[in-house]
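To start, the structure under review is shown below, and the notes come after it.
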Number of protein chains: 2
Amino acid sequence: MSKTPNRSRKQRAPLDIRSVAARANVSIATVSRTINRVPTVNAKLAKRVWTAIHELGYVPNTQARALGSGRSGMLGLVVSEITNPFFPELIQGFEDVAIENGFEILISSTNYDPKRMEVCIRRLLERKAEGVAIMTFGIEQPLFEQLAERNIPLVFVDAGPDRPGVSLLKVDYGHGIRQGVQHLAALGHRKIGFISGPMRLHSARSRSAAFLHALKECGIAARPEWHVEGDHTLEGGIKAMEKILECASRPSAVMCSNDMTAIGVLHKAFRVGLRVPADLSVIGYDDIQMAKVTIPPLTSIQMSRVDLAKAAVRALKEHIVEGGNPQREYKIDTHLVVRESTAYPPGAMSDLKSS
Amino acid sequence: MSKTPNRSRKQRAPLDIRSVAARANVSIATVSRTINRVPTVNAKLAKRVWTAIHELGYVPNTQARALGSGRSGMLGLVVSEITNPFFPELIQGFEDVAIENGFEILISSTNYDPKRMEVCIRRLLERKAEGVAIMTFGIEQPLFEQLAERNIPLVFVDAGPDRPGVSLLKVDYGHGIRQGVQHLAALGHRKIGFISGPMRLHSARSRSAAFLHALKECGIAARPEWHVEGDHTLEGGIKAMEKILECASRPSAVMCSNDMTAIGVLHKAFRVGLRVPADLSVIGYDDIQMAKVTIPPLTSIQMSRVDLAKAAVRALKEHIVEGGNPQREYKIDTHLVVRESTAYPPGAMSDLKSS
DNA sequence: ATCCACAAAGAAAACGCTTTCTCTTGGAGC
DNA sequence: GCTCCAAGAGAAAGCGTTTTCTTTGTGGAT
């Protein structure tokens, strides 16, 4: 090992704002103002600056910009699991909306792992995110106290710490789920199972509760052995379905807390030779893209990723630019999308089935 | 609108390295050295510094760090489409490996859109990414010249500009695809269709060529009308399958350039009442998680996301830390994973089918 | 005991911008 | 023709680090 420092400053021409200034024969202040479209710069000078910028191929340094201005221009987005298709769809929407509003995004996937989550939060802090959307659907909020304490605008889904500057995206699980249960009830189902998400997730508890509530509304008795906990993954769906199949008396329909679970259920049903929807009706939740092409196409409850993304960015932006700590709530609604994984229960008037 | 500037510096205590220094009664240089684990700091002082850091809840500012050190510590990852499950899986792997190696990642999804791609590149430039992995599988390379010109270490899949500092991940499409074709041939298929990806993608062309080559090796004639171009999406798979179904004579097996396409094919087959694998065998490519649970589970050619991610980060890191411009190549291999979407062609010895 | 080399800590100079402050101009008003 | 003011451009002071350069102190060799 030589003593040479392994870092070589100025490996090439500096290509900074100074070189642009020199070439355009103006001060660096003018270059900065031009780039930031400050209206007071003379049009002629501005043109000269832009020319210089293009000729030199100059690109401003974001880090320096952030440092100088005190604004990072970044919004954090924390999701639970990037490999669950729901989230990439959400990320895409969030990114689009964020960019429209002049922000860039910083994605963090927690994988339901508290350790990873800590790393994520640290990263958001270190990078000075101006606002953070926590779309993990209810994972341990206390971890996010650090962000709240530092007065970073936050948006949670469903529930979050009750603090100024923390807004909420209230998802109306009730509506979609009621529609789902009513749909099943209308078809004649009285034996309806439910596979929840991990019960430590707020959203999973909400969905579960909404299901029970809807069941009662329809005058259908809940059967605890048909109400099993999943984990929002394919494998979780399969395992949960196995549990349900072990019951002496089986439900004629199963509602799932998300589509991945439902796809697992579809798979397990296929494995044991149960035909969907003839022998078993299945309803998913989220309405991911894949739901359109499962076999059979999945009846699912849609929660719009775009709405979620729009509301989140909007909430954050309001906090950031308007200042103040609104602590608002935004409603996100959900509704049933009927496809082909639901039908009359076995035996009941199956000959009436049309189309 | 008041004349008050909408930016308020120092809204709280500064909580910078200076306050830590003051509290620990050392200079800021010592704090910096402590944080960066420079071995020359006295253990006693270091402890004092750490205490101060924790008591204050100090978090260093990444932007300032990057500016001061000239190292951003960020690796760019450009993917084509975040909503295609292959990519989130890849991202996850890449992130894990990158973090292990002390880097953070900056994700950009291009959506096959040149305009977006330009934005992505600009962002990477502005944020001073120290290296970029371009995992778009062959989209227009010229766009990345900007990065290459600035001497940023680059990794491409399959093919990239022939320049110092640009490494390649050579995927051995041939092997997996040959296995796939041989598998079909062994089952007795002689009529094999192929749905490619968008032909402007290098990887799509390679897979297509590899398929044709393997066909020839097996002494099977290629039928142009069974060789149709898809776009690596679900809908693309459905449409491509429709085209194939229009053919007067239909293939008994279809190989797809990726799993999403294959899932589309499965769906279309279901729609028209073709049973897979009894009436039609289907092979996918990528072996995404979902392949395990399609109905039937999809025989697919696996290309390891983890291998890809590891090789990419390794290549980048070698460029960055070792300096020099290696221009290396890394082999990524692929192999067939047999599941249940492939079987004897219809009519041929179907009674021999075991298990 | 004196000097020197060396280790460890502090002072200060970057890093590449933004933004405040200051200065120069040119024109309106008298 | 002179003053005053506003507009536009430049100078310079940060922003929060890292890293070089200095300084200070310590132990060993002479």
Side-chain angles (χ1 to χ4, degrees), chain A residues 3-22 24-49 53 56 58-73 125-128 130 150, chain B residues 3-22 24-49 52-53 56 58-73 125-128 130:
Chain A
K3 268 195 171 179
T4 320
N6 56 359
R7 177 165 81 86
S8 55
R9 294 202 176 193
K10 287 187 187 175
Q11 39 175 324
R12 296 266 147 191
L15 197 46
D16 54 4
I17 203 174
R18 242 171 298 274
S19 36
V20 177
N25 248 308
V26 296
S27 71
I28 61 166
T30 300
V31 176
S32 171
R33 285 194 269 255
T34 305
I35 291 173
N36 292 294
R37 305 222 132 78
V38 173
T40 63
V41 303
N42 180 297
K44 196 154 188 169
L45 280 198
K47 184 162 289 175
R48 259 193 4 236
V49 171
I53 287 176
L56 257 35
Y58 166 74
V59 174
N61 178 326
T62 315
Q63 278 119 17
R65 268 224 250 208
L67 196 56
S69 68
R71 320 195 345 74
S72 71
L125 250 23
E126 289 185 347
R127 298 223 172 260
K128 296 267 173 296
E130 295 189 55
R150 284 179 162 80
Chain B
K3 268 196 173 180
T4 320
N6 57 359
R7 176 167 81 85
S8 54
R9 294 200 176 194
K10 285 186 189 177
Q11 38 176 324
R12 296 265 148 190
L15 196 46
D16 54 5
I17 203 174
R18 241 169 299 272
S19 36
V20 177
N25 249 308
V26 296
S27 70
I28 62 166
T30 300
V31 177
S32 172
R33 286 195 268 255
T34 305
I35 291 173
N36 292 294
R37 308 221 131 79
V38 173
T40 63
V41 304
N42 180 298
K44 195 155 188 170
L45 280 198
K47 184 162 288 175
R48 266 204 345 249
V49 171
I53 287 176
L56 257 33
Y58 165 75
V59 173
N61 178 326
T62 315
Q63 278 118 17
R65 264 219 254 207
L67 195 56
S69 68
R71 321 196 345 75
S72 70
L125 250 23
E126 289 184 349
R127 298 225 172 256
K128 296 266 173 295
E130 295 189 54

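All chains are named by letter (A, B, ...) in the order of the sequence lines, taking the proteins before the strands, and each is independently numbered beginning at 1.
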Minimal non-hydrogen separation, B:T30 against B:V49, with atom names = CG2-CG2, 4.5 Å
So does B:N61 get a side-chain nitrogen or oxygen closer than 4.0 Å to the phosphate oxygens (OP1/OP2) of D:dC15?
-> no
Rounded to the nearest Å, what distance is computed from the CG atom of residue B:D16 to the C1' atom of nucleotide D:dT18?
-> 14 Å
Compare every heavy atom of A:R127 with every heavy atom of B:S72, then report the nearest pair and how far apart it is.
-> O-NH2, 4.2 Å
Specify the separation, in whole Å, of atom CZ of A:R65 and atom C1' of D:dG14.
-> 18 Å
Taking the side chain as every heavy atom from C-beta outward, state whether A:I35 and A:I53 have any pair of such atoms under 4.5 Å apart.
-> yes
Which whole-number value in Å describes the distance from A:K128 NZ to D:dC15 C1'?
-> 11 Å
Looking at B:L56 and B:L15, what are the two nearest heavy atoms and their distance?
-> O-CD1, 3.7 Å
B:Q63 has an atom CD; how far is it from atom P of C:dT18, in whole Å?
-> 13 Å
d(CZ, B:R71; P, C:dG16) in whole Å = 15 Å
In whole Å, what is the span from the CZ atom of B:R37 to the P atom of C:dA8?
-> 17 Å
Please list each protein N or O that sits under 3.5 Å from an N or O in nucleotides 9-12 of chain D, with the distance.
unit_1, atom_1, unit_2, atom_2, d
D:dA9, OP2, A:T40, O, 3.3
D:dA9, OP2, A:N42, N, 2.9
D:dG10, OP2, A:S27, N, 3.1
D:dG10, OP2, A:S27, OG, 3.2
D:dG10, OP2, A:T30, OG1, 2.6
D:dG10, N7, A:R33, NH2, 2.7
D:dG10, O6, A:R33, NH2, 3.4

Please state how far atom CZ in A:R127 lies from atom P in D:dC15, giving the value in whole angstrom units.
-> 22 Å
Residue pair B:R48, B:N42: steps toward the side-chain hydrogen bond (donor to acceptor under 3.5 Å, both in side chains) verdict | CA-CA 10 Å; B:R48 266 204 345 249; B:N42 180 298; over 6 Å; no
Among D:dT18, C:dC17, D:dG16, the one nearest any side-chain atom of B:L67 is D:dG16
Atom pair distance, as rounded to whole Å: CD1 in A:I17 and C1' in C:dC15 | 13 Å
Can you see which heavy atom on A:I28 is nearest to which on A:I17, and at what distance?
-> O-CD1, 3.7 Å
